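Notes to accompany the following structure.
Chain identifiers are assigned alphabetically (A, B, ...) following the order of the sequence lines, protein sequences preceding nucleic acid strands; residue numbering begins at 1 within each chain. All figures in this text were calculated on a predicted structure; none of them were measured in a lab.
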Amino acid sequence: MKLHITQADYDALRAHGEETYPHECCGVLLGHAKDDGNHVSAIVRAGNTRTDSAHNRYNISPMELIKIQREGRKQGLDIVGFYHSHPDHPAMWSSTDFAEAHWFGCCYVITSVDKGKANLTNAFHLSGTTEDDKAFQQEEILITKAVGENA
Amino acid sequence: MKINIPTPLRAFTDKQATVEVNGATVQAGLDALVAAHPELKNHLFTPDGKLRSFVNVYLNDDDVRYLPAAEASAVSADDELTIIPSIAGGTGRPGVGASRVLCCR
Ligand SMILES: [Zn+2]
């Protein structure tokens, strides 16, 4: 299983983390779940732009998520993952990221933003089907030239 | 009513993104959904029958937890229920302290 994403979307989600630095950014990956992994067709920025939040917190409200899901479905797209940034912190999931992860089968993308520059971007697939057997598994990010392409 | 199913739960609805059920209230709709797709039960509800804390249910644009009648709220045939698991915690609710949750440290 690999995460398939275009160069443009990949660059955009990394740039988002640079823009919100030193705060976290977050967003939604829309696309299709296929046998070889999740394919991203579009990314949607999420989260409010309030700056009163701590640099180490992020959250997408359920209503915002519902609106993104509605818009996606109009284009035939489903939520296949999420992304957020880790300002001055490694691109690895935290215990809180794991505890708060409930979208089984989806991909959680984390970008470390060091001193304002996007550094590493890692993808973690949330496997399992329940809170008891869930696990984050790192997966390869496959950059494609165009949506749906395989190389 | 129509119930929108999020991607992670479609494994239990034969991949359907929406399920049409009959019921006069939110609770009746959820019960009908679980009756049609029994595997969903454990994913939506705790053993004592309460919605799991990270599972949000919206009646159109309203969080069911905050409707005056909550799960007993009346639903008409053209209403929509949406089941949406939370992302990064369930504290983004009015009146419950901080609207953001600690993520990484
Ligand atoms: Zn995180």
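- No single ILVMFWY cluster, assembled from side-chain heavy atoms under 4.5 Å apart, contains both Tyr21(A) and Leu13(A).
- Between Trp103(A) and Leu9(B) the shortest side-chain heavy-atom distance does not fall below 4.5 Å.
- Nearest heavy atom pair, residue Ala17(B) against residue Arg73(A), reads CB-NH1, 3.2 Å.
- Annotation for Arg70(A) and Asp61(B): closest pair NH2-OD1, 2.8 Å, computed over non-hydrogen atoms.
- Two residues are said to be in side-chain contact when any heavy atoms from C-beta on lie closer than 4.5 Å; Ile87(B) and Tyr108(A) meet this criterion.
- By the 4.5 Å heavy-atom criterion applied to side chains, Thr130(A) and His43(B) are counted as neighbours.
- For Asp48(B), the CG atom sits in a packed shell: over 12 heavy atoms of surrounding residues, nucleotides or ligands are nearer than 6.0 Å.
- Atom CD of Glu100(A) is separated from atom OG of Ser86(B) by 6.5 Å, given to the nearest 0.5 angstrom.
- Residue Ile141(A) is not grouped with residue Val113(A) when hydrophobic side chains (ILVMFWY) are merged at heavy-atom distances under 4.5 angstrom, including chains of intermediate members.
- Here the closest heavy-atom approach between residue Pro85(B) and residue Leu65(A) is recorded as O-CD2, 3.8 Å.
- Between Ile66(A) atom CD1 and Ile84(B) atom CD1 the span is 5.0 Å, to the nearest 0.5 Å.
- When the shell of 6.0 Å around CG of Asp133(A) is examined, it contains more than 12 heavy atoms from other residues, nucleotides or ligands.
- Residues Thr7(B) and Gln69(A) fail the side-chain proximity criterion, which asks for heavy atoms closer than 4.5 Å.
- Under the 4.5 Å side-chain contact rule for hydrophobic residues, Met1(A) and Phe82(A) do not share a cluster.
- Inter-residue side-chain proximity for Glu131(A) and Phe54(B) is flagged as met; some heavy-atom pair is nearer than 4.5 Å.
- Side-chain heavy atoms closer than 4.5 Å link hydrophobic residues (I, L, V, M, F, W, Y) into clusters, and following such links, possibly through other members, connects Ile60(A) to Phe98(A).
- One finds a salt bridge joining Asp78(A) and Arg10(B) here, because a Lys/Arg side-chain nitrogen approaches an Asp/Glu carboxylate oxygen to under 4.0 Å.
- Around NZ of Lys134(A), the count of heavy atoms belonging to other residues, nucleotides or ligands within 6.0 Å exceeds 12.
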